[in-house]
**Student:** 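Could you have a look at this structure, given as structure tokens, before my questions?
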Amino acid sequence: MLDIHRLREDPIGIEKRLQSRDPSIDLTEILELDEKRLSLIQQVEERKAERNRGSQEVGRLKKDGKDTTKLIASLSSLAEEIAHLDDELKQVSARIDHLLALLPNVPHPSVPVGAKEEKVVLRSYKESPLFDFPIKHHLEIGEEKGILDFGRAATIAGARFPMYVGMGARLEMALIQFMFFYHVKNGYIPVIPPFLANSESFFVASQLPKFADDVYYCEKDDLYLNPTAESILVNLHRGEILSLEDLPLNYVAYTPCFRREAGTYGEDERGLIRVHQFNKVEMFKFTAQETSYSELDQIVADAEGVLQALGIHYRVTLLSTQDMAQQSSKTIDLEVYLPGQGRYYEVSSCSNCEDFQARRGNTRYRPAAFQKPLYVHTLNGSGLATSRLLAAILENNQMKDGRVRIPEVLKETVGAEFI
RNA sequence: GGAGGGGUGGGCGAGCGGACGAAACCACCGGUCUUGAAAACCGGCGAGCCGUAGGGCUCCGCGGGUUCGAAUCCCGCCCCCUCCGCCA
């Protein structure tokens, strides 16, 4: 949620920056309503002050045993007037809130302007491996070895639900465990949160109202299934005033993630690339305002650390304005290379949402004793998303003899060197 | 799911139709005293919104209602605690 004051102060500048994300954005209505709202506030508050004075007078008169019927009658009609104005004010405010809730965050000046293709590759790690034999798609490897069973998963749940079996399940679990403890060792507070959340939580996360169709919803209990732990963790300090000494607060959570992924998929998203359910270890930071961009670098570095430990070639990209999630000001992705299809896939997305979510969740901190509380900045970063990571391991580590090499750091947990 | 009790400022907790944005205590900040600190004493200390300002409005879990006036009364919902039921 953007600050209406910010729109008021620089309507043209903010509108221009928002249009770099979505050219159809138009702030005219919201600004008009804002003016109307301010004038209504003044009118209604003036009358309320009058009512309060009158009501106190009633108390005094009654105490002195004097007649109050006349005064009460006039206050009665004043109360009616107030009720009307309050109604109007409520309607105008609700409309403003609705329009405001649909607006994306203001992009950071360093974010490249434009469509998806405008993203910038910042750096990369290792080279993509060279193979002197015909390479296989991870789905082929998975089915051959009986470690991925999409067929039976479809019987149980439907298309695009993965099922890991045997070595597949062992490798997936080992990855989750390795990543979780990797971040714990780096000082992140480990959390296993609820996997379902209410609508208020999803509003704070900015999943609602705009992206309701992307998530699974249990109507009977009015609960949503977690699409990313970001949606859950951002609510961890809702309504709280944190103390500066506690910042940054760093959390790491493991959750399965559920996404409806309604719509069509291309051939290049077969297998584990785009599924309704996947596992993810997520980092989340609540920071002071001045440090959020250095913390963004840190969260990216922590995510990269996992890929480096696994020894997988990847690249780091800076997303363009039109490719970022609504709540983000700046997003940096990590992409692994899948030789089976000769292209890169996102395994981590690290964002600084500045105060966009904190404003919705009313999460603040006091910069110093007796100073006004400020909104925290919230950052999220996958560290990392594993169905795609498992696919990356299967494809990158395949060998001429058909076996797949287990990364050094996972050998012990998996209990094998090769699949 | 059923019965009862409860949700008040950073914490604890009083208030249960007007004098209450809210006592007391703790925490915190400033001062006096002290070589310094502690103790003691004095003072300060919630948040949001509107207004150039003086000032005003709103907030006692959330949402409605009654009333000239609601933390206080009524209705609905949420959460916590105790007991019962069910259950991995």
Side-chain angles (χ1 to χ4, degrees), chain A residues 1-9 30-98 100-101 192-204 208 218-224 232 235-247 249 256 286 288 355 357-376:
Chain A
M1 190 81 106
L2 294 179
D3 184 4
I4 187 84
H5 297 93
R6 206 170 157 190
L7 301 187
R8 226 181 267 162
E9 275 163 31
I30 215 166
L31 292 166
E32 279 171 11
L33 287 171
D34 182 47
E35 268 181 50
K36 189 169 179 195
R37 182 174 156 267
L38 291 184
S39 114
L40 279 170
I41 285 175
Q42 287 182 32
Q43 290 175 50
V44 77
E45 289 193 351
E46 205 173 283
R47 283 163 180 75
K48 280 183 178 174
E50 194 183 334
R51 179 193 63 189
N52 290 347
R53 281 192 300 271
S55 291
Q56 289 194 339
E57 182 64 17
V58 170
R60 268 193 295 275
L61 290 175
K62 281 202 166 167
K63 218 173 173 182
D64 297 346
K66 289 179 181 161
D67 179 51
T68 57
T69 46
K70 223 174 158 182
L71 181 53
I72 286 181
S74 82
L75 288 175
S76 218
S77 68
L78 186 60
E80 230 170 275
E81 202 182 334
I82 288 171
H84 283 300
L85 285 169
D86 256 340
D87 274 354
E88 200 181 345
L89 178 59
K90 210 178 267 182
Q91 277 179 32
V92 170
S93 300
R95 177 72 185 155
I96 292 175
D97 287 346
H98 171 73
L100 220 44
I192 299 177
F195 298 162
L196 284 82
N198 55 38
S199 54
E200 176 64 20
S201 293
F202 271 37
F203 174 78
V204 171
L208 296 176
C218 306
E219 196 175 356
K220 214 168 176 179
D221 298 293
D222 193 24
L223 289 170
Y224 294 83
I232 308 287
N235 288 283
L236 209 58
H237 295 293
R238 212 157 89 190
E240 292 182 36
I241 298 179
L242 306 167
S243 48
L244 183 63
E245 307 88 72
D246 294 337
L247 302 181
L249 268 168
F286 296 87
D355 65 2
Q357 294 173 319
R359 203 172 280 285
R360 292 189 178 199
N362 197 25
T363 303
R364 295 171 293 174
Y365 68 103
R366 212 179 284 282
F370 295 96
Q371 283 195 16
K372 289 224 168 273
L374 300 173
Y375 289 106
V376 297

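Just so it is clear, the structure is predicted and the values come from calculations on it, not from any experiment. The sequence lines fix the lettering, A, B, ..., with proteins before strands; numbering per chain opens at 1.
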**Student:** Taking CD from Gln56(A) and C1' from A70(B), how many angstroms apart are they, rounded to a whole number?
**Tutor:** 14 Å
**Student:** Walk me through whether Met1(A) and Phe203(A) qualify under side chain to side chain contact (heavy atoms under 4.5 Å, CB included).
**Tutor:** CA-CA 10 Å; Met1(A) 190 81 106; Phe203(A) 174 78; 3.9 Å; yes
**Student:** Quick one, His237(A) and Asp246(A) - any side-chain contact, counting heavy atoms below 4.5 Å?
**Tutor:** no
**Student:** Sticking with atom C1', work out how far A24(B) lies from C79(B), rounded to a whole angstrom.
**Tutor:** 28 Å
**Student:** Please state the P separation for the pair A38(B) and C33(B) - nearest whole angstrom.
**Tutor:** 15 Å
**Student:** For each nucleotide in nucleotides 45-64 of chain B, reading 5' to 3', give B when a protein heavy atom comes within less than 4.0 Å of its base, S when such contact involves only the sugar-phosphate, and - otherwise.
**Tutor:** S-SSSSS----BBS-----S
**Student:** What verdict does the side chain to side chain contact (heavy atoms under 4.5 Å, CB included) test give for Ser201(A) and Val204(A), after you've listed the backbone C-alpha separation in whole Å, the side-chain angles of each residue and the deciding distance to 0.1 Å?
**Tutor:** CA-CA 5 Å; Ser201(A) 293; Val204(A) 171; 5.8 Å; no
**Student:** Determine, step by step, whether Leu61(A) and Leu71(A) satisfy the side chain to side chain contact (heavy atoms under 4.5 Å, CB included) criterion, reporting the C-alpha distance in whole Å, the side-chain angles of both residues, the deciding distance to 0.1 Å, and the verdict.
**Tutor:** CA-CA 10 Å; Leu61(A) 290 175; Leu71(A) 181 53; 4.0 Å; yes
**Student:** In this structure, which stretches of RNA chain B are paired as stems of three or more consecutive Watson-Crick or G-U pairs, both distances less than 3.5 Å?
**Tutor:** B:1-7 with B:78-84, B:28-32 with B:40-44, B:46-50 with B:55-59, B:61-65 with B:73-77
**Student:** Do Asn52(A) and Ser55(A) have side-chain N/O donor and acceptor atoms under 3.5 Å apart?
**Tutor:** no
**Student:** Identify the residue among Glu35(A), Gln43(A), Arg37(A) that makes a side chain to side chain contact (heavy atoms under 4.5 Å, CB included) with Ser39(A).
**Tutor:** Gln43(A)
**Student:** Considering only atom P, compute the distance from G61(B) to G56(B) and round it to an integer number of Å.
**Tutor:** 25 Å
**Student:** Using the C1' atom on both, measure G6(B) against U72(B) and round to a whole Å.
**Tutor:** 16 Å
**Student:** Check this for me: does any side-chain nitrogen of one of Glu57(A) and Arg60(A) sit under 4.0 Å from a carboxylate oxygen of the other?
**Tutor:** yes
**Student:** What distance, rounded to whole Å, do you find between the two C1' atoms, one in A70(B) and one in A22(B)?
**Tutor:** 13 Å
**Student:** For nucleotides G9(B) and G44(B), find the distance between their C1' atoms and express it as a whole number of Å.
**Tutor:** 15 Å
**Student:** Whole Å only: how far is the CG atom of Asp222(A) from the P atom of C77(B)?
**Tutor:** 15 Å
**Student:** Are Leu7(A) and Leu100(A) side-chain neighbours, meaning at least one heavy-atom pair lies under 4.5 Å?
**Tutor:** yes
**Student:** Side chains of Leu223(A) and Asn198(A), heavy atoms from C-beta outward: is any pair under 4.5 Å?
**Tutor:** yes
**Student:** If I pick the C1' atom on G48(B) and the same atom on G21(B), what distance separates them, to the nearest angstrom?
**Tutor:** 13 Å
**Student:** Which whole number of Å gives the distance between the P atom of G64(B) and that of G15(B)?
**Tutor:** 28 Å
